[in-house]
Amino acid sequence: MKKLMYTMLIGLIAAALTACGSNDDAKQSKSDNQKTAQTEQQKEAQKKQEKQAKEMQKKLDKQKVDDKKTVAVVNGKKVSGEEYNAALSSSQAQYQQMGQDPTSKEAAKQVKQQTIDNLVGQTLLLQEAENKGYKATDEEVNKKLKETKKQFKTDKQFKAALKDAGLTQSQLKSELADSIKYQQYVDKDIQTPEVTDKEIQDYYDQFAKQSQSQASGGKEQSQMPKLEDVKPQIKQQLEQQKKQEALEKKVEELKKNAKVEVKL
């Protein structure tokens with residue numbers, strides 16, 4: 001990305017230097033200088049952004065733990081620091097997407113707690129799936145692996161991504177198998193109530209009310225779409241919300257009879 005950005009900037013400078021001459025040489029020279037100044041500003045802005053990104057990444061990395069450290073033991077199963085660090089990156093990204101700094105003192109505590117809670121919950125649910133007899137066949141795993149590989153243009157890129165993630169293909173297949181068992185369990189054993197038309201209407205009305213409130217506060221109000229146009233998306237959102245609530249409830253039930261030891 002950096003190389004591409006600098007290539008574009010060099011192209012802009014070259015375009016300015018090779019501009020057609022005319023009797024208005026002084027004006028042209030001024031224009032060229034302005035363009036050069038703009039590109040210099042762009043370079044400085046790019047450098048500043050890169051520096052800030054590197055500084056932020058250093059802060060994020062400080063929240064990680066040793067990959068080999070045991071961060072929790074759930075019913076005798078050890079949860080490694082490597083698993084924690086992967087989940088931590090996801091939690092940090094969620095905070096950043098919400099415009100929050102995950103490295104601030106208060107947020108760091110919340111990110112840590114959220115990460116370990118998620119890991120313990122996922123472990124309990126996967127254990128329950130295995131206790132229920134859910135399994136992933138070689139055919140299902142290979143299909144998932146093939147779908148994963150399709151996200152990369154070449155096998156070389158795929159292997160590079162695996163290396164960056166600290167995974168072997170065998171480890172990836174194991175993780176894919178776990179995800180298949182987990183999804184089978186969630187789809188068949190975690191029952192959620194149907195989303196009603198009233199719930200969809202209430203959700204839509206609440207969104208419309210918030211939009212009007214923002215407009216009255218001086219923010220530009222975007223035109224509200226018709227309910228029938230967004231009904232499928234609202235239904236899907238509410239279904240996901242109910243599924244998440246059901247999973248959280250199930251985790252709390254499993255915790256009552258589980259032996260969980262957090263070591264962070």
Side-chain angles (χ1 to χ4, degrees), residues 60 64-65 67-97 111 114-192 194-195 232-233 235-251 253-255 258 260:
L60 294 174
K64 292 182 178 181
V65 300
D67 282 350
K68 295 180 181 179
K69 178 182 175 65
T70 297
V71 298
V73 181
V74 183
N75 291 326
K77 183 186 183 303
K78 293 181 179 180
V79 180
S80 70
E82 186 177 11
E83 293 172 278
Y84 176 84
N85 291 335
L88 176 69
S89 295
S90 178
S91 298
Q92 290 170 335
Q94 288 176 7
Y95 270 72
Q96 288 178 308
Q97 287 168 4
V111 167
Q114 176 183 312
T115 302
I116 199 68
D117 285 347
N118 287 344
L119 276 174
V120 169
Q122 289 169 12
T123 303
L124 286 169
L125 290 169
L126 182 57
Q127 288 176 344
E128 181 70 359
E130 291 172 343
N131 290 338
K132 292 274 187 178
Y134 290 105
K135 296 180 180 180
T137 65
D138 289 342
E139 184 180 355
E140 289 172 324
V141 172
N142 288 330
K143 183 181 177 182
K144 276 281 185 183
L145 180 62
K146 190 175 181 180
E147 290 172 357
T148 303
K149 284 184 174 181
K150 281 184 178 178
Q151 299 175 29
F152 302 90
K153 292 182 179 180
T154 65
D155 190 56
K156 186 177 180 180
Q157 288 181 344
F158 168 69
K159 289 179 179 178
L162 274 182
K163 186 177 180 181
D164 288 342
L167 291 171
T168 64
Q169 185 160 305
S170 177
Q171 289 172 321
L172 174 62
K173 289 177 74 172
S174 178
E175 291 193 5
L176 291 173
D178 284 346
S179 72
I180 291 169
K181 287 182 284 186
Y182 175 85
Q183 196 59 52
Q184 288 173 344
Y185 168 70
V186 169
D187 290 342
K188 294 181 181 179
D189 280 58
I190 304 298
Q191 303 298 321
T192 55
E194 290 287 333
V195 174
Q233 291 93 325
K235 184 179 181 181
Q236 184 180 34
Q237 175 69 26
L238 292 174
E239 285 174 342
Q240 291 175 346
Q241 184 177 316
K242 287 191 174 189
K243 181 71 77 176
Q244 184 61 37
E245 290 170 353
L247 284 170
E248 290 173 1
K249 184 178 179 181
K250 186 63 180 179
V251 167
E253 289 177 8
L254 293 172
K255 279 182 178 179
V260 178

Please identify each residue that fulfils side-chain contact (heavy atoms from CB on, under 4.5 Å) with Val251, with sequence neighbours left out.
Leu124, Leu125, Lys255
Do side-chain atoms of [X] reach the backbone of [Y] as a donor and acceptor pair under 3.5 angstrom?
X      : Y      : result
Ser90  : Ala86  : no
Asp67  : Ser80  : no
Glu82  : Val79  : no
Glu175 : Leu167 : no

Please report the interatomic distance [atom1]([X]) to [atom2]([Y]), rounded to the nearest 0.5 Å.
X      : Y      : atom1 : atom2 : result
Ile190 : Glu245 : CD1   : CD    : 13.0 Å
Leu254 : Leu247 : CG    : CG    : 10.5 Å
Leu172 : Lys144 : CG    : NZ    : 11.0 Å
Glu128 : Tyr134 : CD    : OH    : 9.5 Å

Quiz: residues 150-157 side-chain donor-acceptor pairs under 3.5 angstrom, not counting sequence neighbours:
| residue | atom | partner | partner atom | Å |
| --- | --- | --- | --- | --- |
| Thr154 | OG1 | Gln157 | N | 3.1 |
| Asp155 | OD2 | Lys159 | NZ | 3.3 |
| Gln157 | OE1 | Lys153 | N | 3.0 |

Would Lys250 and Glu253 count as a salt bridge (Lys or Arg N to Asp or Glu O under 4.0 Å) here? Give the steps.
CA-CA 5 Å; Lys250 186 63 180 179; Glu253 289 177 8; 3.7 Å; yes
More than 12 heavy atoms of other residues, nucleotides or ligands under 6.0 Å from [atom1] of [X]: yes or no?
X      : atom1 : answer
Asp138 : CG    : no
Lys243 : NZ    : yes
Glu147 : CD    : yes
Lys173 : NZ    : no

Taking the side chain as every heavy atom from C-beta outward, state whether Thr168 and Leu162 have any atom pair closer than 4.5 Å.
no
Within the structure provided, determine whether Lys135 and Ile180 are in side-chain contact (heavy-atom separation under 4.5 Å).
no
One thing to verify: whether Glu239 and Lys242 come together as a salt bridge, which I'm taking to mean a side-chain N less than 4.0 angstrom from a carboxylate O.
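Salt bridge flag = no for Glu239 with Lys242.
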